[in-house]
Amino acid sequence: MFELSIERLSDGSIIELTEDEGKYQLTQVDGIELPEIDMATYDIASIDGTKVSNIKMPDREITITLYIRGNVERNRRAIHQLCRVRSVMRLHFVTKGGGKYIDGYVKSIDSNRFDNLVEMDITFICPDPYFKAEHGVITDMSRTYGAFFFPFGMNRVVAV
């Protein structure tokens with residue numbers, strides 16, 4: 001069991017890619033695995049090996065390959081209307097382990113419009129390379145600052 005849907009975050013429009021194989025036949029999803037980390041090291045003359053100075057996870061690039069079936073022109077247009085280049089999208093993945101999502105920007109949409117069976121590649125760049133649980137309690141601590149109130153704050157200065 002594997003489900004994949006794409007949601008445009010600006011208005012909540014969703015297209016289900018695995019719901020109806022009469023419209024879309026999903027053939028491949030690249031980039032689900034963790035990308036290779038970028039590691040910076042430096043040598044020290046008095047020890048063997050190297051020291052690690054920095055480790056960074058690069059952006060994740062996810063490419064979805066699918067065939068458009070049925071009313072090809074209508075189904076292709078639906079994807080083009082939803083997935084506009086540079087727009088922020090949310091990819092929802094549902095497996096046996098539960099639902100996960102990742103946010104990313106549409107980098108490119110490649111398709112051949114002149115074949116009977118249209119193959120389409122949609123590429124997303126995800127600056128935050130980690131998947132998040134659909135029903136997580138807290139996903140990012142930096143988004144919780146408005147939830148707290150401090151009654152004894154230093155917002156008033158009294159002159160004597």
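These figures come from a predicted structure and were not determined experimentally. One is the number of the first residue; the rest follow in order along the sequence.
- Using a cut-off of 4.0 Å between Lys/Arg side-chain N and Asp/Glu carboxylate O, Glu61 and Lys107 are scored as salt-bridged.
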For a side chain to side chain contact (heavy atoms under 4.5 Å, CB included) check, start with the C-alpha distance between Val29 and Ile62, then their side-chain angles and the critical distance, and finish with the verdict.
CA-CA 7 Å; Val29 180; Ile62 297 176; 4.1 Å; yes

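- Side chain to side chain, Asp121 and Thr65 meet the donor-acceptor criterion of an N or O pair below 3.5 Å.
- Using a 4.5 Å heavy-atom threshold, the side chains of Leu91 and Ile64 count as touching.
- Between Leu82 and the options Val106, Ile14, Ile6, a side-chain contact (heavy atoms from CB on, under 4.5 Å) holds for only Ile6.
- Ring orientation note: the planes of Phe131 and Phe93 are nearly perpendicular, at an angle over 60° on the 30°/60° scale.
- A continuous path of ILVMFWY side-chain contacts below 4.5 Å connects Tyr130 to Ile55, so both sit in one hydrophobic cluster.
- Arg90 has a carboxylate O that lies under 4.0 Å from a charged side-chain N of Asp103, or vice versa, which qualifies the two as a salt bridge.
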If you apply the rule side chain to side chain contact (heavy atoms under 4.5 Å, CB included), what do you find for Asp128 with Asp59, and how did you get there?
CA-CA 7 Å; Asp128 183 4; Asp59 296 345; over 6 Å; no

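- In this structure a side-chain-to-backbone donor-acceptor pair under 3.5 Å is present from Thr18 to Leu4.
- Looking at heavy atoms from C-beta onward, Ile109 lies in side-chain contact with Cys83 at the 4.5 angstrom threshold.
- Under the 4.5 Å side-chain heavy-atom criterion for Ile, Leu, Val, Met, Phe, Trp and Tyr, Phe2 and Ile32 are members of the same hydrophobic cluster.
- By the salt bridge (charged side-chain N to carboxylate O under 4.0 Å, His left out) test, Arg8 pairs with Asp11, sequence neighbours left out.
- Evaluation of the salt bridge (charged side-chain N to carboxylate O under 4.0 Å, His left out) test over residues 16-32, restricted to residues two or more places apart or in two chains, returns none.
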Criterion side chain to side chain contact (heavy atoms under 4.5 Å, CB included) on Lys56 and Ile37, from CA distance to verdict:
CA-CA 6 Å; Lys56 180 186 178 295; Ile37 61 169; over 6 Å; no

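- With Arg60 contributing its side chain and Glu33 its backbone, the two residues share a donor-acceptor pair below 3.5 Å.
- Judged by distance alone, the side chain of Tyr105 and the main-chain N or O of Pro127 form no donor-acceptor pair under 3.5 Å.
- Across every non-hydrogen atom of Tyr101 and Ala133, the tightest pair is CE2-O, 3.5 Å.
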Test Ser13 against Gln81 for side chain to side chain contact (heavy atoms under 4.5 Å, CB included), laying out the working first.
CA-CA 10 Å; Ser13 300; Gln81 287 175 348; over 6 Å; no

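- Val85 and Ile125 fall into different hydrophobic clusters, defined by Ile, Leu, Val, Met, Phe, Trp and Tyr side-chain heavy atoms under 4.5 Å apart, directly or through other members.
- When hydrophobic clusters are built by joining Ile, Leu, Val, Met, Phe, Trp and Tyr residues whose side-chain heavy atoms come closer than 4.5 Å, directly or via intermediates, Tyr42 is grouped together with Ile47.
- Under the 4.5 Å side-chain criterion, counting only non-hydrogen atoms from C-beta, His80 is in contact with Met120.
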